[in-house]
Amino acid sequence: MVDTEAAPVKSARKTAGTTAGTTARRGRPSQPAAVQADLLAPAVGTGLAEAAGLLAWYDRHRRDLPWRAKPGETADPYRVWLSEIMLQQTTVTAVKPYFDRFLQRFPTVGDLARAPQEAVMQAWAGLGYYSRARNLHACAQMVVARHGGHFPADIDQLRALPGIGAYTAAAVGAIAFGIPAAAVDGNVERVLARLYAVEEPLPKAKPLFHALAQALVPSARAGDFAQAFMDLGATICTPKRPACVLCPWSAPCMARAAGTAETFPRKAAKKEGTLRLGASFVAVRADGAVLLRTRPPEGLLGGMAELPGSPWTPDGPNGDILAHAPLQARWATLNGTVRHVFTHFPLELTVLRADVPRKTPAPTGMRWVAAAELDTEALPSLMRKVLVKARIEIRPV
DNA sequence: AACTCGTGGCC
DNA sequence: TGGCCAAGAGT
């Protein structure tokens, strides 16, 4: 044991600044990668975190996932990209059925590019973060138009495509093309936070995590390394009760040594959103058709289908709820409400239902959708809840 | 730099 | 049951 008093990382600048002799070659303080790794290596216990150990672990414990190439196989950039977009802030379990369905409906990036956007939105319905679907479609079209239907094997060119940010560019570059780029997602941040006992809270620590990750990326097997890093976070270095005894990096892990692994990563407190109230109107025609409309293309649930209703506000529909009804009818307020929690605010909807004559025309901007056709609509989960509340039969996503 | 942007599962 | 969390991006 070299030094049991090893100081945890507080910030890139501060730590780097205390290192005599590194300043001259350090360059700007925003790029302390090598400095951090070199500085910490001798101070983190009995071992040094290195790619080889993680890759060896990965060769034995890698997860078998639908979008992942078998050992020795070459990854398909289209599959890698599609899976990475779907996996943004979304669990593997949730993605699997959508990934299979997408591949079936859109076997190639060209098929996806040629498909109507409505078809893409419908296939994405239920997966959330719908700007991803719009950007997915736009990206496919750009890959066809500007890159001849092939994803560019270049981080900057990938990064320039819609829906591809720093993480996804690195992930696709590494996994599909073997580029030694650091794909830093929530898993990697958590692993690094524990490995180096990073006291700096997220999101301020993001540049530091990127630098620490880049310093670990090997020149060979960059794709396996990226996936290994994420597998480690997803299966061993989990948010709660990490399985440190099974971890290939337990020896060099500072938080493990201190017995504080579960307390990392540090995070800045986030404020909670205020409850918003609204009303949804379920008009049911005599033949079973339901009145729907399409939300504006941008913003919350952009481009998705919805039941007509009031705006969602902290005060709710002021006074007369029926002022927001799409048409005149005998509206009945259903017992209870539909509750839904978005990332930044909770929502409570009052649901009203009315049965109307078969010949009732659809108001401007709205459409009647036959009961059997509801499955083909781009209905977000919230609106499915509303339909269920109104006792409209709809197949669960 | 903070906000916006879904959803379902877990403990 | 409710807060936390998941292979983030765009603005």
Side-chain angles (χ1 to χ4, degrees), chain A residues 63 65-68 79-99 121 124-136 138-139 158-176 181-191 202-204 206-207 209-210 213 223 225-235 237-241 262 265 267-276 295-304 306 312 339-347 378-385 396-397:
Chain A
R63 289 180 291 174
L65 300 172
W67 45 86
R68 190 171 273 184
R79 286 170 165 251
V80 173
W81 164 73
L82 179 60
S83 67
E84 289 300 340
I85 300 298
M86 287 185 165
L87 286 162
Q88 289 168 5
Q89 297 291 284
T90 309
T91 60
V92 165
T93 304
V95 164
K96 276 180 178 172
Y98 283 87
F99 179 81
M121 300 309 290
W124 197 277
L127 201 51
Y129 286 133
Y130 298 101
S131 66
R132 291 186 296 173
R134 298 192 296 272
N135 286 330
L136 184 86
C139 181
L158 287 167
R159 178 69 182 77
L161 293 166
I164 298 185
Y167 161 77
T168 304
V172 174
I175 298 170
V184 183
D185 71 335
N187 288 309
V188 171
E189 288 175 344
R190 186 171 57 255
V191 172
L202 285 167
K204 186 175 290 185
K206 280 181 177 292
F209 284 134
H210 186 271
F225 181 78
Q227 295 173 93
F229 219 142
M230 292 185 278
D231 270 20
L232 185 68
T235 66
C237 197
T238 48
K240 303 285 179 60
R241 301 190 51 134
E262 196 169 325
K267 292 188 178 179
K270 51 191 166 191
K271 69 173 206 275
E272 58 181 297
T274 46
L275 173 68
R276 300 186 200 181
R295 293 176 63 86
E298 304 293 325
L300 184 66
L301 304 176
M304 303 297 286
E306 71 170 353
W312 305 337
R339 295 171 175 275
H340 194 76
V341 180
F342 293 105
T343 306
H344 48 303
F345 69 91
L347 173 68
L379 282 167
S381 293
L382 165 63
M383 293 303 156
R384 289 174 179 269
K385 290 185 190 177
V397 177

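Every value quoted in this text rests on a predicted model; they were computed, and no experiment measured them. Lettering follows sequence order; numbering is per chain, from 1.
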Using atom [atom1] of [X] as one end and atom [atom2] of [N] as the other, report the distance to the nearest whole Å.
X	N	atom1	atom2	result
A:Leu127	B:dG9	CG	P	13 Å
A:Met383	B:dG6	CE	P	11 Å
A:Arg79	C:dA7	CZ	P	21 Å
A:Lys270	B:dC5	NZ	C1'	14 Å
A:Lys267	C:dG3	NZ	P	16 Å
A:Leu87	C:dG8	CG	P	8 Å
A:Met86	B:dG8	CE	C1'	16 Å
A:Asp231	C:dA7	CG	C1'	10 Å

Under 4.0 Å from OP1 or OP2 of [N]: is there any side-chain N or O of [X] that close?
X	N	result
A:Arg68	C:dA7	no
A:Thr91	C:dC5	no
A:Gln89	C:dA6	no
A:Ser83	C:dA7	no
A:His340	B:dT7	yes

(request) Write down the distance separating the P atoms in C:dA7 and B:dC10, rounded off to the nearest Å. (result) 15 Å
Applying a 4.0 Å non-hydrogen cut-off, can you work out what [X] is touching in the nucleic acid: base, sugar-phosphate, or nothing?
X	value
A:Trp67	base
A:Val341	base
A:Pro203	nothing
A:Gly233	nothing
A:Ala183	nothing
A:Gly299	sugar-phosphate
A:Leu65	base
A:Ser381	sugar-phosphate

Looking at the base of [N], is there any donor atom on it, or on the side chain of [X], that sits under 3.5 Å from an acceptor on the other one?
X	N	result
A:Arg63	C:dA7	yes
A:Thr343	B:dG6	yes
A:Thr93	B:dG8	no

(request) State, yes or no, whether a side-chain contact exists between A:Gln89 and A:Thr343 at a heavy-atom distance under 4.5 Å. (result) no
(message) A side-chain contact here means heavy atoms from C-beta on lying under 4.5 Å apart; do A:Trp81 and A:Leu136 qualify?
(response) yes
(request) State which residue, out of A:Arg159, A:Glu84, A:Gln88, fulfils the side chain to side chain donor-acceptor pair (under 3.5 Å) condition with A:Tyr167. (result) A:Glu84
Between [options], which one does the side chain of [X] approach most closely?
X	options	answer
A:Leu301	B:dC5, C:dA7, B:dT7	B:dT7
A:His344	C:dA6, B:dC5, C:dA9	B:dC5
A:Arg132	B:dG6, C:dC5, B:dT7	B:dG6

(message) Just checking A:Arg339: does its CZ atom have more than 12 heavy atoms from other residues, nucleotides or ligands closer to it than 6.0 angstrom?
(response) no
(message) Under the criterion side-chain contact (heavy atoms from CB on, under 4.5 Å), I'd like the reasoning laid out for A:Trp67 against A:Leu82: C-alpha separation, chi angles, the key distance, then a yes or no.
(response) CA-CA 9 Å; A:Trp67 45 86; A:Leu82 179 60; over 6 Å; no
(request) Report the distance from atom CG of A:Leu65 to atom OG of A:Ser83, rounding to the nearest 0.5 Å. (result) 8.5 Å
(message) Just verifying a value: how many Å separate A:Arg190 CZ and A:Glu262 CD, rounded to the nearest 0.5 Å?
(response) 11.0 Å
(message) Which is more 5' along DNA chain B, the nucleotide nearest A:Lys240 or the one nearest A:Tyr129? Just name the residue.
(response) A:Tyr129
(request) Please tell me which of A:Ala234 and A:Ile164 maps to the more 5' nucleotide of DNA chain C, matching each residue to the nucleotide holding its nearest heavy atom. (result) A:Ala234
